[in-house]
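In what follows, chains carry the letters A, B, and so on, assigned in the order in which the sequence lines appear, proteins first and then strands, with residues in each chain numbered from 1. Just so we're clear, the structure is a prediction, and the values are computed from it rather than from any experiment.
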2 protein chains.
Amino acid sequence: MTPPRQRPADRPSRERRRASHSIEAVLGAAVELLDESGEPALTIRGLAGRLGTGVGSVYWYVSGREDLLDRAVDHVLGGVLAEIERHPGTGDPVDELRRMAVTLFDAVVDRPWLGSRFMRNIDTEGNSLRLYEELGRQLLRLDLTPLQRFHAVTAVVGVVVSSAADLGQEPPQAVVDGLVEREEYLGRYATNWRALDPGEYPFLHDIVDAFDGHDDKQQFLAALDLTLNGLRLQAGQRPGPGARTEGP
Amino acid sequence: MTPPRQRPADRPSRERRRASHSIEAVLGAAVELLDESGEPALTIRGLAGRLGTGVGSVYWYVSGREDLLDRAVDHVLGGVLAEIERHPGTGDPVDELRRMAVTLFDAVVDRPWLGSRFMRNIDTEGNSLRLYEELGRQLLRLDLTPLQRFHAVTAVVGVVVSSAADLGQEPPQAVVDGLVEREEYLGRYATNWRALDPGEYPFLHDIVDAFDGHDDKQQFLAALDLTLNGLRLQAGQRPGPGARTEGP
DNA sequence: TCGATACTAGAACCACGTTCGATAATCTGG
DNA sequence: CCAGATTATCGAACGTGGTTCTAGTATCGA
């Protein structure tokens with residue numbers, strides 16, 4: 001069978017003869033662009049421009065924009081993985097899992113463009129898959145069924161992903177341009193909510209003050225701990241932080 | 001101050017004189033396109049074509065593609081909200097919350113293009129905000145601080161969002177075209193995983209069988225129940241399904 | 001009847017992803 | 001050292017899509 005289309009982008013892996021460019025250079029520049037101005041700012045032309053080359057050259061190294069994005073994600077995930085693997089990981093499994101999830105979250109805060117892509121390619125070998133394995137490995141030390149373990153990792157990754165999806169949504173252009181303070185932008189939520197009829201929106205009025213000074217990380221940790229406490233409960237452990245301590 | 005740009009799309013709300021088109025017609029057609037072929041299939045030109053009109057007319061009703069997408073989401077969310085509000089909601093608060101989350105999830109299964117957009121616009125009045133309120137209202141009946149309530153709703157919404165992000169990622173074109181079975185496509189994960197070195201990937205080998213026959217809904221419910229059990233624990237309630245039953 | 005408003009329509013502009021063929025640099029075998 | 005093959009570079013050109021603009025048509029109030 002003929003392959004669907006030629007992909008010269010598969011292996012420029014051998015020693016390059018004339019390495020004026022390289023896959024590393026391409027990925028590096030791509031990450032720079034992403035870091036500077038977010039996902040939509042990564043265009044093939046812009047990337048070629050930064051590399052001082054033509055668009056055709058970029059296509060020699062990657063098969064398209066989607067591929068480029070995937071590789072850029074994998075590229076930075078390498079660093080996260082190293083960070084996670086630095087520690088021994090001998091403590092309580094759930095605590096370890098928590099630490100890893102937090103590390104992952106911090107990486108997404110630094111690079112919101114990781115968005116919800118960063119755990120998408122777990123079908124083939126790559127840093128996403130290794131990360132997934134690393135997270136799950138902690139669960140092997142818990143008394144759970146494989147299905148429960150699978151669900152647990154999914155759940156924990158899900159907490160990070162949903163936070164990432166939050167962080168990843170580009171703020172309005174006015175905020176990026178600095179015309180409007182981020183504080184003011186977020187404060188608008190609270191202002192709008194307070195203007196609503198309390199009879200119709202009792203919950204929003206209940207939480208509006210808590211929301212007004214909200215902190216993304218705290219929010220993430222709260223969600224994570226709910227899940228982890230559910231997990232501890234499932235594994236027959238004592239609950240961790242955030243659970244009610246006083247007895248019945 | 002002059003407004004940033006004129007937006008005639010703000011209020012075609014008064015009685016239209018010649019309603020050959022209407023905002024309802026536009027949104028209806030948009031939802032049709034989205035349902036048929038997913039988000040990328042919704043183009044302004046395509047939409048205009050379906051409506052038998054020009055692109056300019058579309059821009060009369062919406063201010064751009066982003067706005068169109070937001071309105072389409074809000075449009076279908078109206079149905080979900082009605083579904084959720086149909087029931088009385090007098091039972092256990094966490095059970096009610098669970099029921100709502102499941103309803104929301106089911107809607108996303110039906111329309112994967114809701115993706116992770118469907119809870120994005122909670123700054124202004126709209127069905128997203130009402131949904132958010134509806135979910136949170138259940139928590140008013142629990143003994144929690146407002147901050148805890150805020151975090152809890154975020155967490156529950158997060159579970160739905162991350163599942164939605166999973167469902168929303170378009171399968172490869174070959175699957176859409178029916179050239180490759182969805183079963184086979186998913187089975188590839190398991191096949192690849194089994195080919196990995198068990199020493200390096202012990203976790204993947206542990207769960208691969210569980211993963212192979214995995215069901216999206218089951219997966220969602222598992223994550224949801226972990227979170228909800230964490231919440232019950234926080235509120236001083238007895239745990240629900242999925243928690244270990246035998247006492248110490 | 002006349003102007004104003006609401007709405008239709010599509011040409012035109014621009015940015016982008018992608019393809020393609022021409023070309024050059026480098027390697028390999030002889 | 002010389003061909004031919006391989007590896008890599010480059011930008012013109014194509015198609016698609018979002019958005020803007022301008023010209024036009026219908027409907028209403030006065």
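Between B:Y61 and C:dT8 there is a side-chain N or O to OP1 or OP2 distance below 4.0 Å. Dashed line: the shortest gap from a side-chain N or O of A:W60 to OP1 or OP2 of D:dA8 is under 4.0 Å.
B:E39 places its CD atom 13 Å from the P atom of D:dG17, with the value rounded to the nearest Å. The nearest whole Å value for the distance from the CD1 atom in B:I23 to the P atom in C:dC7 is 11 Å. Atoms CZ (B:R65) and C1' (D:dG17) sit 9 Å apart, rounded to a whole Å. With rounding to whole Å, B:D67 atom CG is found 14 Å from D:dG18 atom C1'. Atom-to-atom, CD1 of B:I44 to P of C:dA15 comes out at 19 Å; the value is rounded to the nearest Å. In this entry the distance linking CG of B:L42 with C1' of D:dT16 reads 15 Å, nearest Å.
Under 4.0 Å is where a charged nitrogen must lie from a carboxylate oxygen, and between A:R65 and A:E39 at least one such pair does. Between B:R120 and A:D166 there is no salt bridge, since no side-chain N of the basic residue sits under 4.0 Å from a carboxylate O of the acidic one.
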- Task: Show your working on salt bridge (Lys or Arg N to Asp or Glu O under 4.0 Å) between A:R130 and A:E133 and close with a plain yes or no.
- Result: CA-CA 5 Å; A:R130 309 198 49 138; A:E133 163 71 27; over 6 Å; no
- B:R50/B:L33 under side chain to side chain contact (heavy atoms under 4.5 Å, CB included): CA gap, chis, key distance, verdict: CA-CA 9 Å; B:R50 174 156 306 205; B:L33 281 173; 3.7 Å; yes
- Message: Please evaluate residues B:Y201 and B:W193 with respect to the criterion ring pair (Phe, Tyr, Trp, His ring centres under 6.0 Å), reporting the C-alpha separation (whole Å), side-chain torsions for both, the decisive distance (0.1 Å), and the verdict.
- Response: CA-CA 8 Å; B:Y201 293 94; B:W193 288 5; 9.2 Å; no
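Taking every heavy atom of residues 45-58 of chain A and every atom of DNA chain D, pairs under 4.0 Å involve A:R45, A:T53, A:G54, A:V55, A:G56, A:S57, by number.
A:D35 and A:W113 are linked by a side-chain donor-acceptor pair at a separation below 3.5 angstrom, with hydrogens and angles left out of the test.
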